[in-house]
Amino acid sequence: MIGQKTLHSFFSAAPTKKRGRSPEPGGDTEAERLSASCGKPIGRNVLFLVDQWEARVSAPACGRDPLGAAANGGGPAVVLPRNTRVRRGRPRWAARGRGMAAARLSLLGLRLGRGPPRPLCSRLFARRFQASAAKKAKAAGDEAGKASPLSPEQLDRIRKNKEAALQRLAERNVPPGFGESWRQQLAGEFSKPYFMELMAFVAEERKRYTVYPPPEQVFTWTQMCDIRDVKVVILGQDPYHGPNQAHGLCFSVQKPVPPPPSLENIYKELSTDIEDFTHPGHGDLTGWAKQGVLLLNAVLTVRAHQATSHKERGWEQFTDVVVSWLNKNLHGVVFMLWGAYAQKKGSSIDRKRHHVLQTVHPSPFSVNRGFFGCRHFSKTNELLKKSGKKPIDWRAL
């Protein structure tokens, strides 16, 4: 329906310096004559509206014409656009003394519901009918989708073929050294654009620089235990960037490299928390990983001697997916979140479903602010026992 502002524009005086886009039957002479006869200014757009309606008066009434000849006093029938709401009698706005234009429209014997008739210019008609055609096409498409000509067996075969194609695509992008059980659950990530871009970036970095850890050790954390056997998760941030240190497990270094300061502080806390624990003389934490302790860094590669050089390249998104899978598919996992970075990464963990232990990072800069004395290792074993799981032997290194 036409709004108040649009209706006002139809009956307002036309500007003297500008002419409308549409041709105006009668021109300025007829507008002046009608204005003089009724004593009120008549806009040129009103004349165009009236003539558009009169131009749609056709010869005899047809079967679907809502008015028919009788509605027009025995005259010809009025052909209206589809879905136009029509009522007999004088239009409300014509009865309010709006001038000669309203009187001429009332001769048609029409009355539209809730306001004056819509302008029938070609632009509005085209827009209206295009929208109607689009709705019909969409409805036809929905009906076709509901009543598919394919049988259930054919639809099932199509689904299986699609899944097999996606699986083959993902397998082509599986990085070297990725554990089988982990691959089955995370294969969907390998074919995503961000992961392929990440792999291309790391490959280019290896051509130009020294990158740690070596390609076959980036995913060591997936080779130690089945994905469904994970009982404890320790989140780190970035691999060690020195020679022969990083090997795919956070806080862990290869033998015979001496333990870094953070790992030394972890050993100190273990010696006071776990009975009979002694310093192993190395920094390789593989013994923990084989028991179901996931030692996962947020970023899995680094350029030599440049800490956090591979930050925000896609590793964070991938390791978020790993944490999310564990959170949604396992129960009673103990998450050790040391430091603000790990705590932020683990903020989405369901704490009704899992156990979360938080404290400061074991770095020498913060270890005395809460890491010493946190007793996370003994608390972890107590929580595992309550969940009916075998505790971790922290001494088996």
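For reference, positions follow the sequence shown, starting with 1. FYI, side chains are in, hydrogens and waters are out, and symmetry mates aren't considered; it's all heavy atoms of this structure.
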- Message: Among Val253, Leu397, Ile266, exactly one meets side chain to side chain contact (heavy atoms under 4.5 Å, CB included) together with Leu285. Which residue is that?
- Response: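 Exactly one candidate clears the test, Leu397.
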Does the pair [X]/[Y] count as a salt bridge with the N-to-O cut at 4.0 Å?
X	Y	answer
Lys255	Asp284	no
Lys385	Glu382	no
Asp393	Arg395	yes

Q: Decide whether a cation-pi geometry holds between Arg313 and Phe201; the criteria are a distance under 6.0 Å from NZ or CZ to the six-membered ring centre and an angle within 45° of the ring axis.
A: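 Arg313 over Phe201 ring: yes.
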Restricting to side chain to side chain contact (heavy atoms under 4.5 Å, CB included), what partner residues turn up for Asp320, sequence neighbours left out?
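Partners of Asp320 under the side chain to side chain contact (heavy atoms under 4.5 Å, CB included) test: Lys345.
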- Message: Pro258: which residues meet the side chain to side chain contact (heavy atoms under 4.5 Å, CB included) condition with it, sequence neighbours left out?
- Response: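 Not a single residue meets the side chain to side chain contact (heavy atoms under 4.5 Å, CB included) criterion with Pro258.
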Task: Greater than 12 external heavy atoms within 6.0 Å of Tyr194's OH - done: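 Yes - once you tally the heavy atoms of other residues, nucleotides and ligands closer than 6.0 Å, there are more than 12.
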Arg208 atom CZ, neighbour heavy-atom count above 12 within 6.0 Å:
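12 or below, so no.
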* When rounded to the nearest 0.5 angstrom, what distance separates CH2 in Trp394 from OG in Ser271? ->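 Output value for this atom pair is 14.5 Å.
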Are any non-hydrogen side-chain atoms of Phe277 and Pro280 less than 4.5 angstrom apart?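 They are in side-chain contact.
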Is a donor on one side and an acceptor on the other found under 3.5 Å between the side chain of Ser378 and the backbone of Ile274?
->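 Absent.
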Under 3.5 Å donor-acceptor pairs involving side-chain atoms of residues 328-341, not counting sequence neighbours:
| from | atom 1 | to | atom 2 | distance (Å) |
| --- | --- | --- | --- | --- |
| Asn329 | ND2 | Trp325 | O | 2.8 |
| His331 | NE2 | Arg353 | NH2 | 3.0 |
| Trp338 | NE1 | His376 | ND1 | 3.1 |

* Asked: Once the angle between the rings of Phe318 and Phe219 is folded into 0 to 90°, is it parallel (under 30°), tilted (30 to 60°) or perpendicular (over 60°)?
  ->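 If you compare the ring of Phe318 with that of Phe219, the planes turn out perpendicular.
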